[in-house]
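What follows is a single structure, written as structure tokens, with notes after it.
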Protein chains: 2
Amino acid sequence: MPKPTPDDANAPKLTINDIAALAGVSKKTVSRVINQSPLLNQATREKVEAVIRETGYTPNPQARALALGRNFLIGLVYDNPNQQMILNMQRGALEALHGTEFELVIRPVDRGSAKVMDDIRSFIVRQRLYGVIILPPLSENDAIARICDEEGCRYVRMGSAVLDDPEHMVVSNDRDAVAEAVRHLIQQGHKRIGLIAGPHGFRSAKERREGFELALSEAGISLPRSLVADGQYTFESGVSACESLLDLSPRPTAIFASNDEMAAGVLYAARLRGIEVPDQLSIIGFDDTPITSRVWPPLTTVRWPIVAMGRAAALKLIGTAIGEGHDVSEPSTFSSTLIRRASVAPPPRD
Amino acid sequence: MPKPTPDDANAPKLTINDIAALAGVSKKTVSRVINQSPLLNQATREKVEAVIRETGYTPNPQARALALGRNFLIGLVYDNPNQQMILNMQRGALEALHGTEFELVIRPVDRGSAKVMDDIRSFIVRQRLYGVIILPPLSENDAIARICDEEGCRYVRMGSAVLDDPEHMVVSNDRDAVAEAVRHLIQQGHKRIGLIAGPHGFRSAKERREGFELALSEAGISLPRSLVADGQYTFESGVSACESLLDLSPRPTAIFASNDEMAAGVLYAARLRGIEVPDQLSIIGFDDTPITSRVWPPLTTVRWPIVAMGRAAALKLIGTAIGEGHDVSEPSTFSSTLIRRASVAPPPRD
DNA sequence: TTGTACGCGTTATCAG
DNA sequence: CTGATAACGCGTACAA
């Protein structure tokens, strides 16, 4: 009795030659079937496809990579403090890659190092990457895009401003989202609103700050320099930035923190001083990380569709390769939404 | 004027033949140098190494993969709700892989699917993985280890119990760690201690529960069934499990939650009822995720060295390949430590 | 100790 | 439309 399953564990690996022999055609014809070559007799194609189906044959990616000079790997390059973002981008990209022949290779780099650019280049060149997704703040560096071009590697940059052609960008409109959030504060009656800005060198920090300033100027509210505190996108920096803001007299009745980690720091600092949130101080953050619903009170925040952006980024890369229905190009800009929880209330009466 | 840099962007890619020609030796000799073959004339080796250094040549991984029938890729396979763990394992593995020729390919799977095993097998086979790291609860499935053996792929399983040979395992001793945490509660004077268990099918849940029971029985404290609530390792499940515990009369004076997410849920549920933590209720969690220090009060918890475990797992896989000093085999078991924050206090007087 | 010839599985060229 | 034949870059018998 022969082995029942053709795709047995210890079955010898099938090659394109086996398929060619079984189908009674040449290697190249099988190759054409695999690569969806348009010029093929319908009959031969179906014959080959049947054999492929029956045998469970899958082409060897290593051999293809060698012959094509290009691997079926997508690289994810980042150097980002925001773990939530990395994870969500991974998830989105992975969703897009699922069921395709592509795999995701992750590659953190050190943007402080003098050799970052060389690192990235050699990563791309050595692995013959099919494409790379670049996360902020690395994505804000045009030199990386240039490297990709030079090496003939597709790329998509993620960011909070349009830095490149649509085919190379997925962008979130942080500025508008923050403006909307701050307008919400203003509608509640707040006039002294503090900002905890993100670190220099992050475009997102700049965009969010500008959104903040925009909403204020729209409402005719002036923004004294003292109401702006510098942060580093970390919890600790949020705590100390908040403390400097609370030292003011009169102190702000609301604070917009440029991300949730810092917003959590604001909450923490407020509690240390016995300041009630939201009755005496309103808080809004940015990111909608899980922490916002774990703390008390749950934080009002801005949610951006990171997973969808990751999916779009990967799809932009492989879209042409997988065809079917993906001819409709992926959107490039994604809009965020204000998530209202319990950290915002009207300001206390003076 | 000639191009200044030899490793110019548009320089043609160097092959082993170029190096051989430049060094005045044969292909095979260069190959030997690359693969650290011991039988080589010292002079020839140095000559070749010099050429390699000057030209900046790096061997083509695709060609090596094809010739060797094995890729220089490490796979990370998981299906885990604990994002913190995934990220930290990635970080640890990446640290170990940094500077080597290996890359990390991530592959989430759906353990509920009927085809998980096939998915994993085809992932390994198709990519000709050098090795895989398997995260819990997937790692608890012996069938996966068997697949790896069959396909000739190295593997390391991460888990909270010894399920395999040391070379195939990195394990954390959850049981002891939880026992220690609960002893701490007992030392503070607690006698009615509730447990929020993890989900069935997770070995970690079982181990943590056993550690909990161990500490209690050591102290001669009985554990009525009512003091054990089921959880799913999620915040929401922590909230509802805690509510059922707080419905008890007399209610527990302390609760051990099998992970931090649920511990945060306990804190949340306590606050909803106006129960003061830690004065009226002590809480201990497990994982030491960032959330523990963001909530109020900061949570006492158990920290396990996930990053170090990730590093060890990767090193076990590639150790023999990179030689130098890594002959000392990586440790297989890692111990956790109790991190004391502010969510534990002596029980209130009756 | 070193070199020659060939194979790995696929795609590309260019005939037919 | 299809099929020989030559790459792709590297590793390994085997011979020198």
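So you know, we letter chains A, B, ... as the sequences are listed, proteins then strands, and number each from 1.
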Can you tell me if [X] touches the phosphate of [N], counting only side-chain N or O atoms and a distance under 4.0 Å to OP1 or OP2?
X     : N      : result
B:N17 : D:dC10 : no
B:R64 : D:dG11 : yes
A:S31 : C:dT10 : no
A:Y57 : C:dT10 : yes
A:S26 : D:dG3  : yes
B:T29 : C:dG3  : yes

Rounded interatomic separation in angstrom, taking [atom1] from [X] and [atom2] from [N]:
X      : N      : atom1 : atom2 : result
B:R70  : C:dG7  : CZ    : P     : 23 Å
B:Q62  : D:dC8  : CD    : P     : 15 Å
B:L68  : D:dC8  : CG    : P     : 20 Å
B:R126 : C:dT10 : CZ    : C1'   : 14 Å
A:L66  : C:dG9  : CG    : C1'   : 9 Å
A:N71  : D:dG9  : CG    : P     : 14 Å
A:I34  : C:dA12 : CD1   : P     : 12 Å

### Query
Only one of B:L317, B:L73, B:I74, B:L315 clears side-chain contact (heavy atoms from CB on, under 4.5 Å) with B:L97; which?
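Result for side-chain contact (heavy atoms from CB on, under 4.5 Å) with B:L97: B:I74.
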### Query
Between B:V25 and A:P59, who's closer to the 5' end of DNA chain C by nearest nucleotide?
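The residue closer to the strand's 5' end, by nearest nucleotide, is B:V25.
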### Query
When you match B:T44 and B:R128 each to their closest nucleotide on DNA chain C, which lands nearer the 5' end?
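The residue closer to the strand's 5' end, by nearest nucleotide, is B:T44.
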### Task
Using a strict cut-off of less than 4.0 Å between a Lys/Arg side-chain nitrogen and an Asp/Glu carboxylate oxygen, indicate whether A:R64 and A:E101 qualify as a salt bridge.
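Yes, A:R64 and A:E101 are salt-bridged.
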### Distance-only donor-acceptor test, A:K28 side-chain atoms vs D:dA4 base atoms, 3.5 Å
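Under the 3.5 Å cut-off, the side chain and the base do not form any donor-acceptor pair.
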### Message
Base of D:dG9, side chain of B:K27 - is there a donor-acceptor contact under 3.5 Å?
### Response
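Donor-acceptor pair under 3.5 Å: no.
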### Message
Does B:Q90 form a side chain to side chain donor-acceptor pair (under 3.5 Å) with A:Q90? I'd like the steps, not just the answer.
### Response
CA-CA 12 Å; B:Q90 285 183 5; A:Q90 285 183 4; 2.9 Å; yes
Distances under 3.5 Å between nitrogen or oxygen atoms of protein and nucleotides 14-16 of chain C:
none

